[in-house]
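Report on one structure; see the data block that follows.
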Number of protein chains: 2
Amino acid sequence: MAQKETVERILDAAEALFAERGFAETSLRTITSTAGVNLAAVNYHFGSKKALIQAVFERFLEPLVTEIDQRLGVLEQDPENINVESLLKVLSSSIYDVHGRNTNRATAFMRLLGLAYTQSQAHVRNFIASRYGDAFQRYARLLKPALPGATDQELFWHTHFALGTAIFTMSNFDALRAMAMNDTGHRGSVDFIVSHLTSFMAAGLRNASHENA
Amino acid sequence: MAQKETVERILDAAEALFAERGFAETSLRTITSTAGVNLAAVNYHFGSKKALIQAVFERFLEPLVTEIDQRLGVLEQDPENINVESLLKVLSSSIYDVHGRNTNRATAFMRLLGLAYTQSQAHVRNFIASRYGDAFQRYARLLKPALPGATDQELFWHTHFALGTAIFTMSNFDALRAMAMNDTGHRGSVDFIVSHLTSFMAAGLRNASHENA
DNA sequence: AATCGTTTGAAACTTACGTTTGCAAGGCGC
DNA sequence: GCGCCTTGCAAACGTAAGTTTCAAACGATT
């Protein structure tokens with residue numbers, strides 16, 4: 001049982017439990033007993049609970065941002081192919097690529113992202129912003145010419161509208177699928193939902209700009 | 001200092017603090033000291049912290065749902081005027097009417113709604129669902145003919161996409177406005193944002209259905 | 001095989017939480 | 001004026017949290 005095993009076991013357990021219950025509602029004792037490690041291991045390996053939370057985000061965001069960055073680089077070499085849809089597809093494809101078809105992992109990630117926004121946890125937001133702010137900026141730079149006629153202000157808000165749509169949907173993915181089953185009789189396949197989600201965001205981004213131009 | 005004063009002071013403080021920090025992150029001691037009342041007052045008047053959380057929601061939702069219901073009744077008498085925009089306007093107008101132009105109160109409400117979804121707090125979701133589920137059903141019934149060509153499944157998902165857009169935006173309203181100030185130099189007026197938000201949702205609702213028909 | 005830094009383990013520590021208790025103060029009918 | 005119910009207050013209780021401690025076990029290096 002080497003160091004790496006313990007650290008990863010803690011991260012695995014923390015990731016799942018945080019996503020399921022939130023940060024404050026998940027105790028270190030629950031994490032460590034789920035992971036099958038000693039309580040003191042968290043403070044030994046990470047220093048504090050806050051640092052553990054950030055480590056969970058880092059393990060998630062690091063490969064994802066790398067993947068997005070790479071895909072944006074590819075897209076930039078075909079400037080005529082840059083549009084709202086292709087830019088959105090960069091995001092969904094990157095998530096697919098990083099997590100495979102492991103929906104649990106992907107929805108856990110989205111729930112964590114939602115928690116980072118919704119729960120106060122300022123240190124999480126600051127950590128994410130300082131670590132991955134550049135990637136967001138690059139994305140915004142590419143999105144701008146894809147939405148001609150939109151002012152900077154509109155661009156900002158519409159982007160965050162779309163971001164909110166995605167984060168809210170994915171972070172409540174399981175609950176929503178359960179509700180869908182009740183209301184419509186179909187859970188909806190992941191592909192169905194992602195494709196409609198993308199259409200929704202694209203339509204919102206494009207048409208809201210034009211209508212208010 | 002009669003009963004009502006104490007109860008309302010507690011609700012006021014709890015509402016603001018919950019919205020700002022979340023439920024688990026807000027202690028009864030913080031609430032009572034902010035409200036200027038004794039610690040035991042919460043358990044005396046409400047019974048428990050959970051009951052206090054529900055009371056906060058009830059005070060918010062009760063007048064809002066009444067207002068929405070009334071406006072839907074009016075709208076139903078002009079069936080040819082029922083469309084996506086008018087239905088969305090029922091919601092935004094109702095919020096305006098209930099909270100006036102008190103943005104603090106309205107954004108607090110949205111943050112609480114977002115928290116109810118995002119934080120696990122099952123008892124909050126159950127409370128809201130059992131208490132106000134009928135109103136949501138009525139709204140959905142009116143929305144369906146406004147989006148012809150959409151299947152039940154699509155209707156369900158697009159509605160929740162739009163819901164997510166609104167909840168995410170409003171529940172992070174202050175943070176987003178601060179970011180907007182940094183990025184664009186404008187905070188954005190409330191009317192500007194609400195109007196663009198509505199356009200975004202309407203465009204998403206309508207076009208996503210048509211594209212995937 | 002001994003040593004030294006690293007990691008684990010069980011337990012204790014400190015603090016903060018939600019809740020409960022016991023009593024004092026105030027208002028109201030009789 | 002006396003009892004009675006409601007409300008307010010200070011203090012304490014029990015629990016669970018994050019963190020710290022310190023000795024034991026481990027692993028690589030010599």
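Naming convention: chains lettered A, B, ... in sequence-line order (proteins, then strands); numbering from 1 in each chain.
Heavy atoms of A:Ala40 sit under 4.0 angstrom from at least one base atom.
The two residues A:Ile193 and A:Gly188 come nearest to each other via the heavy atoms CD1-O, 3.7 Å.
For B:Phe60 and B:Phe109, the ring centers are positioned less than 6.0 Å apart. Between B:His196 and B:Phe192, the gap from one ring centroid to the other is short of 6.0 Å.
Listed candidates were D:dG8, C:dT21, D:dT19. Nearest to the side chain of B:Thr6 is D:dG8. For B:Leu28, whose side chain is taken as the heavy atoms from C-beta onward, the closest listed nucleotide among C:dA11, D:dG8, C:dT19 is C:dT19. Of all nucleotides listed (D:dT19, C:dT7, C:dT19), C:dT7 comes nearest to the side chain of A:Tyr44.
Take B:Arg187 and apply the side chain to side chain donor-acceptor pair (under 3.5 Å) test, not counting sequence neighbours, and it matches no residue.
OP1 or OP2 of C:dT6 has not a single side-chain nitrogen or oxygen of A:His45 nearer than 4.0 Å. Phosphate proximity of D:dA16 to A:Ser27: absent, as no side-chain N or O sits under 4.0 Å from OP1 or OP2. Regarding contacts with the backbone of C:dG18, every side-chain N or O of B:Asn43 stays at 4.0 angstrom or more from both OP1 and OP2.
Between A:Ile31 atom CD1 and D:dT19 atom C1' the separation is 14 Å, expressed in whole Å. Distance CD1 (B:Ile10) to C1' (D:dG8): 11 Å, rounded to an integer number of Å. Rounded to an integer number of Å, the gap from NE2 of A:His123 to P of D:dG18 is 12 Å.
Position along DNA chain C of the nearest nucleotide to A:Leu39 versus B:Lys49 favours A:Leu39 as the more 5'-ward residue. When each of A:Thr30 and A:Asn38 is assigned the nucleotide of DNA chain D with its nearest heavy atom, A:Thr30 is the one assigned upstream, toward the 5' end.
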